[in-house]
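Structure first, commentary second.
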Number of protein chains: 4
Amino acid sequence: MAVNTEPTSRERVRRAALKLFATKGFHGTGIRDVAQEARLSSASLYHYMGTKEELLAGLMREALERLLAAASAAVAGVDDPVERLRRLVALHVTTHARQPDETRVVDNEVRALSPRTRRAVVRLRDDYERLWAEAIDDGVRSGAFATDHPAVTRLALLEMCNGVARWYSPRGAVPLDRLAEHYAGLALRALGHTESLARAERP
Amino acid sequence: MAVNTEPTSRERVRRAALKLFATKGFHGTGIRDVAQEARLSSASLYHYMGTKEELLAGLMREALERLLAAASAAVAGVDDPVERLRRLVALHVTTHARQPDETRVVDNEVRALSPRTRRAVVRLRDDYERLWAEAIDDGVRSGAFATDHPAVTRLALLEMCNGVARWYSPRGAVPLDRLAEHYAGLALRALGHTESLARAERP
Amino acid sequence: MAVNTEPTSRERVRRAALKLFATKGFHGTGIRDVAQEARLSSASLYHYMGTKEELLAGLMREALERLLAAASAAVAGVDDPVERLRRLVALHVTTHARQPDETRVVDNEVRALSPRTRRAVVRLRDDYERLWAEAIDDGVRSGAFATDHPAVTRLALLEMCNGVARWYSPRGAVPLDRLAEHYAGLALRALGHTESLARAERP
Amino acid sequence: MAVNTEPTSRERVRRAALKLFATKGFHGTGIRDVAQEARLSSASLYHYMGTKEELLAGLMREALERLLAAASAAVAGVDDPVERLRRLVALHVTTHARQPDETRVVDNEVRALSPRTRRAVVRLRDDYERLWAEAIDDGVRSGAFATDHPAVTRLALLEMCNGVARWYSPRGAVPLDRLAEHYAGLALRALGHTESLARAERP
DNA sequence: TATGAATGAGTGTTCATTCAT
DNA sequence: GATGAATGAACACTCATTCAT
């Protein structure tokens, strides 16, 4: 039974920062903007965060760890690389559609991190992308996929899916599960997956 | 016979801003950073620009106008929508690979513009994307393409190609002309172009 | 029993600005000058003010409102226009002698205000001057005063009295109450007030 | 026969500065404002002036010297202190009405001068005011004037006349010669001049 | 004579952050 | 917890002035 619980101050700060960093960028967002959005004084903010950069790093790490865990779970025990990729794409698209703020921050604000923090975040992102690389490489090896430059193709598909966070609206024409399927189809065909090619989309 | 001509101060400012806006973002770049990069005092900068925002807007407009002109020229007189899309993708990829700074600024810094300027820039971008939309829609109508959600697919492919600016290096394994072809192949297969599907990539 | 109370920071800012605007003018005073005089950093200043112009406007409005209130009180219920003018002159002179900074700012810095703010300040000043105009016009009507151009004369007398703020010193030869009387005499005689003419000053 | 002679650049600079210093104040006027008003580049300005402050000082000195010369000529050989004062007031008012820019700069911008230059300008002003002081003192001695504090009265009358520069318009109701007479009348009555008192103004 | 280019110092204002209460 | 007060450093931008051409 859902109770109308007011989120904690800490949570309000997190959400405020996420929203603003996503909308205006890290450098375009002032600590006072965050405070106002979280309905706190800027001094009070510092009860719930370290520096502004640590706040950003925390948000990014958290989002990436959640995505990585979800993706690992989604492909665990699945042998077929085609199915693995399908699930990875669907999860990626769904996540970018449902949490556009988190994903936009992750995708766009890495450069705002100090080198030290950046390395940690990039390592997480690399771990995540490795799941994609493994699925693609396995598919190429098994003959399910046919692509000249698997690494390039992986980057292309990741970017393609990232884009969802920039325009998806829950009020749009295509429902989210159909959207995820659509993207999976795009990806598989792009990868030269023969079965997908046969039954190319048709109204 | 190429003469070693030192670029003008005005040009140095333009290039400095482009490089820094692309690397650190508009809000992450100080006017003093630009000045230093252009080997000028920050006061001298203002001989060659209006405000910092006008500098950004000028760069974006210029890049978009050039891209739009090149794309219009590339598809002019070409009836086959498949060929049109192939050329658009190739041009887009090539441009993003060769002028990554310009394209990253165009793709990422729109939100830094004031509403008024933003409108003008977005209009240019829309004009450009319309060329993609026309090629895709024509292809769908002619039966050359098969995709359930052409508008979504267009966005997906554009984002896919934008990504090139983030990672391409001229010292990479894939030469640029091959890269452009590769992306064209990805796009056409994703669009369900039957011929492309038949001869799926294979070494 | 007077306690040695240190004025608040807000009050220190107000006084510092008043002193400096009066001495060096609004445009001749830097925000850092104000900060130094108020023993604060220039950043701290902004806890107690909006913009520099709003600081000026606030000071002017406050001074004018106080003067207007005092003048209204001074003439309230006084029927005789001669007595009214005498009181207005005495109050004006006394105020300019005691608060030379406030009055100099009010008299000299109107042009530094933005049109919008200027209008509000000028309206206050006009309200105040109307008290003078009424006294003079009533006196002319009653035959107590005789002057060809009452409006011009009003301006002349106001300027005459404003001057006090520029040179009066409490260590000067003429005590303030005598000074006020002296100016009242000058004004009444200038206005052709017959009684004042009869007993023209003589030691 | 008047020829339509375009004023020299030097003269244009002088006039531009005068106009702007009078309107916006010395510190409120930028050297680029002057340049624009004079239709020159700001660099070219420096062919016709030293520093900005020297430009101001020159304008003030010139205006004061001309006023001093005119005043000296006006009272030369006139024995009657009443007549001397009458002429001084008339000249002062006329000058402030006809050259409001010059006189406003002289009256308001002394504080913008460096101490050294200020001393020279103040000396000129003192020389000028001495003519007033002599007329008043002579009048008091001769019994033509009756005022308790001649020095104070002199300041009061000077300020009164300075005000003309702030509001006089050639399109106003009172023609300039009448205005000068009016002010002379105000001054003489304020000074307790018995004859003026007798024939107090009456329509 | 005229000016575009150039700049060190300064403008008003905002920044992220700290700390005493 | 929460915040008003405080600040050094930085922000984008303008200043008066110089100089090579």
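This structure is a prediction, so every number in the text was calculated from the model and none was measured. We name chains A, B, ... by the order of the sequence lines, and we start the count at 1 in each one.
- The phosphate of dA2(E) (OP1 or OP2) has no side-chain N or O of S41(D) nearer than 4.0 angstrom.
- Rounded to an integer number of Å, the gap from L40(D) CG to dG4(E) C1' is 14 Å.
- Each of V106(B), L64(B), D126(B) was evaluated against V121(B); a single residue qualifies, L64(B), per the side chain to side chain contact (heavy atoms under 4.5 Å, CB included) test.
- The backbone N or O of Q99(D) sits less than 3.5 Å from a side-chain atom of T103(D), completing a donor-acceptor pair.
- When rounded to the nearest whole Å, the span between OH of Y46(A) and C1' of dA5(F) equals 15 Å.
- Atom pair H27(C):NE2 and dT14(F):C1' shows a separation of 14 Å (rounding to whole Å applied).
- Protein atom CG of L45(D) is 17 Å distant from nucleotide atom P of dC19(F), rounded to whole Å.
- In this structure, D33(C) pairs ionically with K24(C), as a charged nitrogen and a carboxylate oxygen lie closer than 4.0 Å.
- Using a 4.0 Å cut-off between a side-chain N of Lys or Arg and a carboxylate O of Asp or Glu, E62(C) and R14(C) qualify as a salt bridge.
- Contact check, S42(C) against dT13(E): no side-chain N or O comes under 4.0 Å of OP1 or OP2.
- Counting atom types as modelled, R32(C) pairs no side-chain N or O with a base atom of dG10(E) as donor and acceptor under 3.5 Å.
- Shown here, dT21(E) forms a base pair with dA2(F); the pair counts as Watson-Crick or G-U wobble because both key distances fall under 3.5 Å.
- A salt bridge links R15(C) to E11(C): one of the charged nitrogens lies within less than 4.0 Å of a carboxylate oxygen.
- Among the nucleotides dT17(E), dC13(F), dT1(E), the one closest to the side chain of T51(B) is dC13(F).
- Rounded to an integer number of Å, the gap from F26(A) CZ to dA16(E) P is 8 Å.
- Pairing for dT7(F) is with dA16(E), a Watson-Crick or G-U wobble pair whose two hydrogen-bonding atom distances lie under 3.5 Å.
- Atom-to-atom, CD of Q36(A) to P of dC15(E) comes out at 11 Å; the value is rounded to the nearest Å.
- For dT3(E), one of the phosphate oxygens OP1 or OP2 lies less than 4.0 angstrom from a side-chain nitrogen or oxygen of S44(D).
- Between the CD atom of E54(C) and the P atom of dG12(E) there is a distance of 15 Å, given to the nearest Å.
- Minimum atom distance to the side chain of Y48(A) is reached by dA2(F), of the listed dA12(F), dA16(E), dA2(F).
- Among dT17(F), dT13(E), dC13(F), the nucleotide with an atom closest to any side-chain atom of I31(C) is dT13(E).
- Among the atoms of the strands shown, none is found under 4.0 Å from any heavy atom of T8(D).
- In this entry the distance linking CZ of R10(C) with P of dA5(F) reads 7 Å, nearest Å.
- Annotation: of the two residues near DNA chain E, A43(B) and T29(C), the 5′-most nearest-nucleotide partner is A43(B).
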